[in-house]
Q: 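Submitted below is the structure of interest, expressed as structure tokens.
Per chain, numbering begins at 1; letters A, B, ... match sequence-line order. Here the structure is a predicted model, which means the values were calculated and not measured.
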Amino acid sequence: MSMDFSTPPYLLKNASVTRVMTQVLLALVPAIAVYTWLIGPAILIQIAIASLAALLGEALMLKVRRQPLAPFLGDGSAIVTAWLIALVFPPLAPWWMVVVGTLFAIVVAKQLYGGLGQNPFNPAMVAFAVCIVSFPALMSQWPNQALHLGFADQFQIIFGLTPRLDALTAATPLDALKTGLKLGEGQVGVAALLANQDVYGQFAGRGWEWITLCYLLGGLWLWQRKIITWQVPTAYIGALAAISGALWLYDPAQFASPLFHLFSGGAMLGAFFIATDPVSGSTTPRGKLIFGAGAGLLTYLIRVFGGYPDGVAFAILLMNICTPLIDLYTQPPIFGMKNGK
Amino acid sequence: MSTAKELTAPGMAARSAVILFLFVIGFTAVLATVFSMTEPTIKASAAEEEMRTIKEVLPAALYDNDLLHDTVDLPATAELGQDDNSKVYRARLAGQPSALVLQAVAPDGYAGKIRLLLAVRNDGRLAGVRITQHKETPGLGDYIDPKKDKNKSRPWITQFDGLSFDTLGEKDWKVKKDGGHFDANAGATVTPRAVVKAVRKALKFANENRDRLFVSTAAK
Amino acid sequence: MITWAEFKEIFVNGTWRQNSSLVQMLGMCPLLAMTTSLVNGAMLSLATIIVMGSSGFVVALLRNFIPYEIRIPVFILIAAVMVTVVDLGMNAYMHDMYNILGIFIPLIITNCLVLARIETFAVKNGPLQAMFDGAFMGLGMLWTLSLLGAIREFIGTGTVLSGIEAVIPGLHQIEVLPADYPGFLVSILPPGAFIVLACMVAAKNWYEVKAAERAKRQPPAPISAAGCH
Amino acid sequence: MLQLFKFKGGVKPATNKTQSVSQPIAIAPLPSHVAVPLHQSIGGTPRPIVAVGDKVLKGQKIGEADGWISAAVHAPTSGTVIHVGQQTVPHPSGLAADCVVIEPDGKDEWIERKAVDYRSLAPETVRELLREAGVVGLGGAVFPTHGKLTPAKSVPMEQLVINGAECEPFITCDDLLMRERGEEVVRGAAIFRDLLQPQKVLIGIEDNKPEAVAAMQAAVKAVGEDFEVIAVPTRYPAGGAKQLIRVLTGKEVPNGKRSTDLGVQCFNVATAYTAWRALAHGEPVISRLVTVTGNVAKPRNYEALIGTPMDELLALGEPKADTNGIIMGGPMMGFLVPDVKVPVVKATNCLIAHSDALFPPKAPEMPCIRCGECARACPHELQPFEMYWFSRAKNFGKTQEYNIFDCIECGCCSFVCPSRIPLVQYFRFAKSEIWAREKEKKASEIAKTRFEFKQFRDEREKQEKAEKLAKAAAAQAAKKAAEAAAAQATGEAAEAVPPPAAAETSPADAVKKAAIQAAMARAKAQREAAASRNTESLTAEQQQDIQAIEARRMASGLAVPAEPKAE
Amino acid sequence: MISAIAVMALGAVILGALLGYASVKFKVEGDPLVDKIDGILPQTQCGQCGFPGCRPYAEAIAKGAEINLCPPGGAEGVQRLADLLGREVKALDAEEKPKAVAIIDENTCIGCTLCIQACPVDAIVGAAKQMHTIIAPLCTGCELCLPPCPVECISMQVITETVDSWKWKYPVVDIKTTGMTSTRNTPTGGAGGIKAA
């Protein structure tokens with residue numbers, strides 16, 4: 001049956017989905033290293049939990065869908081999703097929440113839509129959205145860095161072996177800033193709040209600013225390797241910087257600087273690793289610009305005016321919805337048709 | 001269904017108008033009949049309902065008058081969060097003022113307004129607070145309603161019982177997260193923050209206007 | 001007036017084959033809003049049964065007097081009157097239940113299922129048939145919404161039958177999962193309704209496919225579709 | 001130096017050209033037989049003008065061009081025609097097509113060759129000569145060359161592009177041709193120049209062939225022309241006509257437009273060479289340069305006769321033991337021939353011995369992840385992944401919205417795809433489905449109009465008949481009334497205007513009826529018991545008629561003896 | 001109460017009048033659906049569906065006739081009709097036959113013209129007592145000429161694939177069966193025979 005036609009070209013470039021995914025993982029490694037160093041080894045535990053859960057969920061669904069296991073488990077896409085989930089979840093999130101999020105991402109957001117390449121939404125962001133909606137309290141508890149917890153402590157907290165004391169956790173810098181501004185009711189300015197070095201560090205979240213810088217470097221490496229194109233990150237960062245800059249210039253007391261917004265929360269991770277996901281994102285050159293800019297803009301709006309601590313996940317999910325429309329209206333002109341039409 | 005293709009447009013218009021008119025008259029009549037039949041019962045159960053909520057916030061020992069008819073109508077009152085008219089029930093024991101029952105609104109709930117009913121004794125202590133209407137997230141912010149609160153033995157809302165500005169300084173009327181007195185479930189501080197704020201303001205209003213309210217003539 | 005076969009056909013259609021939620025996918029608004037618990041879903045369905053049965057009956061009775069071009073306003077009028085009657089009746093005689101469902105009873109009129117059944121069934125059939133069609137469509141909604149509500153409630157909060165005390169005084173909700181169950185909130189929010197409903201639709205389709213396969217494997221067996229539920 | 005332009009997309013596969021350029025062109029020995037497919041160019045299929053047993057001479061025409069866009073085919077060597085008919089041809093389908101098979105007599109004896117001075121001839125005559133010589137585009141598209149030699153009326157010709165880019169890996173036949181026979185290529189280009197009258201002639205050669213560039217520059221100088229030889233950057237598919245035109249002139253030829261509409265035309269170097277040979281030497285296209293390479297011990301370029309069995313030609317290169325197929329053309333756009341014995345045709349520029357070591361088997365196809373690599377590689381700036389999506393779903397209307405017919409099937413998208421999707425395959429599938437559907441639709445439209453017309457005609461005939469009948473009846477009644485007394489006359493009158501209803505009684509129809517019945521009887525006899533529903537019991541009288549008629553028919557040779565005939 | 005009824009009644013009169021007026025003014029003439037259905041039908045005019053031609057069948061479908069009665073349209077035709085009408089796909093009510101054209105055996109033909117009258121698309125030429133012939137490109141393969149022929153000299157010849165009519169096949173997605181082991185789609189007849197010659 002399959003033998004009655006030939007399939008040129010016979011020469012093929014040395015490329016595969018696995019190679020693409022492996023390079024994405026490699027680009028995340030420096031950020032993970034800095035994360036481990038600054039925040040603690042909890043992230044490594046979370047990555048392990050999420051990867052296991054992702055592979056398990058993937059294998060289960062592939063069996064149910066009667067698909068071969070080897071090529072799809074080996075393509076690395078589930079691992080990428082797992083790592084991203086681990087990186088966007090609070091590092092001290094209980095293990096079961098990471099498992100629930102990962103399974104939801106793989107089973108519902110990816111496999112139920114047809115598996116690799118078919119998901120309209122970024123699975124990692126779906127996991128984040130589901131968990132922050134379902135477990136808002138747990139999803140906004142970030143490690144209190146003043147405590148300097150070791151591996152054993154973090155391990156015990158993640159697996160529920162020691163009680164989760166309120167003192168162990170704190171809000172993210174973004175959340176803390178928002179609450180601070182709200183409580184201050186116009187009396188306390190951004191500058192005063194940011195002066196607290198224990199929470200905000202040099203220019204964004206304490207410790208987090210260096211991790212986000214690593215995301216930026218990893219992203220630039222991906223661009224250099226031609227795994228991603230320049231459009232989405234540029235538009236994302238540009239839009240986020242533009243709107244935060246404009247409002248910051250308008251009232252620096254009530255709105256944080258672009259630098260703070262770019263280097264806190266998941267902005268850089270979103271710009272280089274999540275919004276660039278080709279499956280759920282736009283694919284045309286102009287479409288990518290619109291997609292990135294939209295995501296950047298929404299990120300800011302949700303962060304500053306919305307009810308959730310960070311807006312990256314919802315912004316990207318919202319833009320995922322628009323992808324088909326964007327692609328439809330941004331088809332590039334083809335060879336020979338640039339002038340006429 | 002009958003059709004009349006021969007009719008011209010105006011003719012058809014007239015015919016349809018007449019038929020629709022007849023239907024409307026007929027069914028409106030049915031509706032009117034049902035309404036008049038059920039009206040007394042509905043009114044009775046509404047009154048019963050009103051009384052039942054009041055009973056929840058105000059112990060029966062504190063009054064012997066007909067609360068539903070000893071009321072004052074307040075215009076829009078910012079202190080109560082009301083941007084419309086609201087009612088104040090006046091409880092009397094043996095003819096002497098004993099407590100006020102106020103309707104208050106917390107406008108800054110997580111999902112819109114939260115309506116409250118609270119009873120304030122004459123000594124400035126809260127007799128009780130109840131949520132009468134809210135749209136807070138189920139499972140997250142809805143524990144302010146004792147029916148939804150998981151802690152059945154001591155629902156969150158009962159924290160207010162017996163409190164006054166004498167026992168708790170006005171500055172401490174905040175949730176613990178903001179450095180105040182009141183507990184709040186982690187992850188859902190917006191709702192209790194709004195409720196605490198509304199109760200504090202309403203209590204203050206009651207303390208300041210108690211005499212004026214008891215003096216003013218009864219509504220109706 | 002109505003034969004047994006017709007009755008059976010209407011019953012199977014309403015509760016299974018043309019199930020409003022699982023097959024026709026109508027009435028999604030109440031489905032999303034009211035199935036946060038078993039009791040809510042069931043109560044709203046009960047009210048819908050009354051509205052649909054009565055409006056179907058009335059429309060079928062008057063069907064020969066309703067001109068084609070003004071049928072929609074007339075249908076809406078009839079359905080709206082029935083809804084209001086139910087609303088007033090419940091308010092007067094079942095006040096506790098009315099307190100729970102109060103704001104959703106008037107919304108029954110926006111349930112497209114009501115108008116859909118009038119438009120496709122009641123105007124073409126006798127009053128009794130139309131009444132049963134409406135009632136059984138509502139019955140189909142009752143069991144699906146109850147199940148949907150039960151699943152969402154269980155996953156979301158770990159309880160079953162919360163709010164039952166308002167309907168049957170003396171009964172209480174059952175807490176199935178331990179008290180420290182954190183709750184899976186998505187299940188109670190509208191997206192949860194979509195996800196659980198999708199799973200139910202998938203289960204039904206899977207069952208149908210399997211049933212069709214079975215029927216194909218043993219062709220001589222007389223297929224009585226009515227018997228399956 | 002001319003300013004060069006860039007085309008978007010393209011890929012850079014390993015060129016693999018050095019293997020086959022170390023040796024000069026060799027003349028392939030006479031094969032055991034030659035099978036010349038009649039259909040070797042775009043357009044009408046030439047009609048065979050020889051029969052089995054005919055002796056033919058080398059260069060003798062064996063297929064007459066059919067229509068203007070068509071080119072003649074010729075005997076590649078002298079010998080005897082041993083077969084005219086279906087033979088497997090080098091086509092991805094593996095189907096057979098009409099061929100003329102010649103057994104060489106070994107003498108390789110030319111037919112009389114007539115050289116002409118084309119400058120003294122009218123352009124139409126030159127084009128006719130090229131058509132008669134079977135000159136077609138030898139770059140692979142095999143479009144009859146004479147069809148491209150008419151300048152557009154409204155647009156002046158600006159550039160003539162001679163394509164020596166040869167961008168596909170492995171292939172070197174044009175390279176060797178330019179190195180060794182550069183002068184003749186230049187002279188051929190001059191013919192095209194004289195016919196098209198462009199302002200400039202540009203010879204584009206990829207910069208990985210410096211020897212060819214130098215040879216061509218020398219040849220241009222030697223011939224004394226002012227052609228520009230330009231080295232273009234090596235990037236597949238720079239040798240695609242549209243891409244080369246873009247690189248050399250900056251013009252983009254859109255789909256559905258001829259390049260002459262933009263004042264530019266493009267020919268392959270080998271085509272120029274054959275055009276020169278055809279006019280200046282009277283030699284039709286009966287051989288071509290073929291690169292034999294790939295998994296062979298001695299890769300080399302051969303001048304091979306059209307019709308040479310591929311396995312015989314490949315054997316000259318001494319294929320290695322693990323060879324398991326022959327790719328005709330390059331590894332990007334060529335295809336594995338369905339049968340190694342198929343003949344070399346005018347489109348055969350290269351034979352690559354295929355082995356799994358040389359061309360590793362593809363990993364299984366994975367789902368598309370929309371990475372967009374294909375879109376970046378597409379030289380026509382299409383969105384292959386979108387086209388793939390809709391081709392796969394058989395949503396052909398959508399594939400057309402995404403311009404599937406602009407696809408030149410260069411294979412760049414498949415080359416870069418990390419999911420290993422045979423994209424080109426999907427596009428070919430979609431294209432041929434769309435063509436088939438278009439054809440079907442056209443046919444059904446014709447059927448519909450014809451059906452409607454027939455219905456209309458039947459209706460009209462019925463009406464006319466009824467009118468006639470009514471008229472006749474009226475006339476008859478009138479006559480009856482007028483000439484009631486003269487009964488005899490009435491009868492005649494009635495016969496003079498026979499009512500149509502009685503038509504079947506006319507003598508002519510009687511004969512016809514009898515004939516039908518006779519035939520029916522014969523058919524009955526043939527089929528024995530199987531009685532047709534049309535065969536009712538016949539009267540004795542009719543039987544007699546039948547026999548009489550049958551006898552007559554037999555005598556006149558009209559009918560056949562009552563025996564079942566094969567086919 | 002009275003005012004409520006008055007408002008309702010007024011609304012009823014106005015809306016009723018509007019609707020009645022519009023129902024006459026904006027009446028839709030003709031049925032574009034039939035044209036769409038007719039566009040899908042293959043126009044063989046064979047009558048195998050039980051209707052005299054494609055157009056009548058299209059009209060019947062628009063009125064509710066089954067959509068699976070057209071064998072020349074094939075399963076694909078049924079699918080497209082189902083898509084257009086939102087109906088369920090049904091198995092074709094007959095076997096699908098390969099496309100064919102009618103061929104008249106010229107030696108047997110007696111020139112009776114019966115087939116000419118039967119042909120719905122006038123694809124047969126000939127005259128009385130003259131040998132008939134079929135214009136193959138116009139023949140729809142409807143087989144209507146077969147029964148009337150008294151000598152059964154017409155046969156259906158299946159249209160075979162040629163190099164020109166050959167279509168590229170749908171690339172077989174065979175990831176399910178192969179796993180990581182590779183497959184290459186080599187042509188049949190492949191080149192087993194080539195070793196070093």
Q: Under a 4.5 Å heavy-atom cut-off, does chain C meet the side chain of B:E48, its backbone, both or neither?
A: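 Neither part.
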Q: For C:A92 versus B:S45, what's the shortest heavy-atom pair and its separation?
A: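 Reported closest heavy-atom pair: O-OG, 4.3 Å.
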Q: Measure the CG-CD1 distance between C:L88 and B:I42 for me, rounded to the nearest 0.5 Å.
A: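 Taking CG in C:L88 and CD1 in B:I42, the distance rounds to 5.0 Å.
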Q: Determine whether B:T38 and C:Y93 make a side-chain contact, defined as any pair of heavy atoms from C-beta on separated by less than 4.5 Å.
A: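 Answer yes - side chains close enough.
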Q: State whether the number of non-hydrogen atoms from other residues, nucleotides or ligands found under 6.0 Å of B:K204 atom NZ is greater than 12.
A: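 12 or below, so no.
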Q: Start with the C-alpha gap between C:L77 and B:V24, add the side-chain angles, then the distance that decides, and say whether side chain to side chain contact (heavy atoms under 4.5 Å, CB included) holds.
A: CA-CA 7 Å; C:L77 176 73; B:V24 165; 4.0 Å; yes
Q: Atom CZ of B:F27 and atom CG of C:L62: how far apart are they, to the nearest 0.5 Å?
A: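 Going from the CZ atom of B:F27 to the CG atom of C:L62 covers 5.0 Å.
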Q: On a heavy-atom basis, which atom in B:F23 and which in C:F65 lie closest, and how many Å separate them?
A: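 Minimum heavy-atom separation between B:F23 and C:F65: CE1-O, 3.7 Å.
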Q: Rounded at 0.5 Å granularity, tell me how far CZ in C:R71 sits from CD1 in B:I19.
A: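 That separation rounds to 14.0 Å.
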Q: Working to the nearest 0.5 angstrom, can you tell me the gap between C:N91 CG and B:K43 NZ?
A: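 Reported to 0.5 Å precision, the distance equals 12.0 Å.
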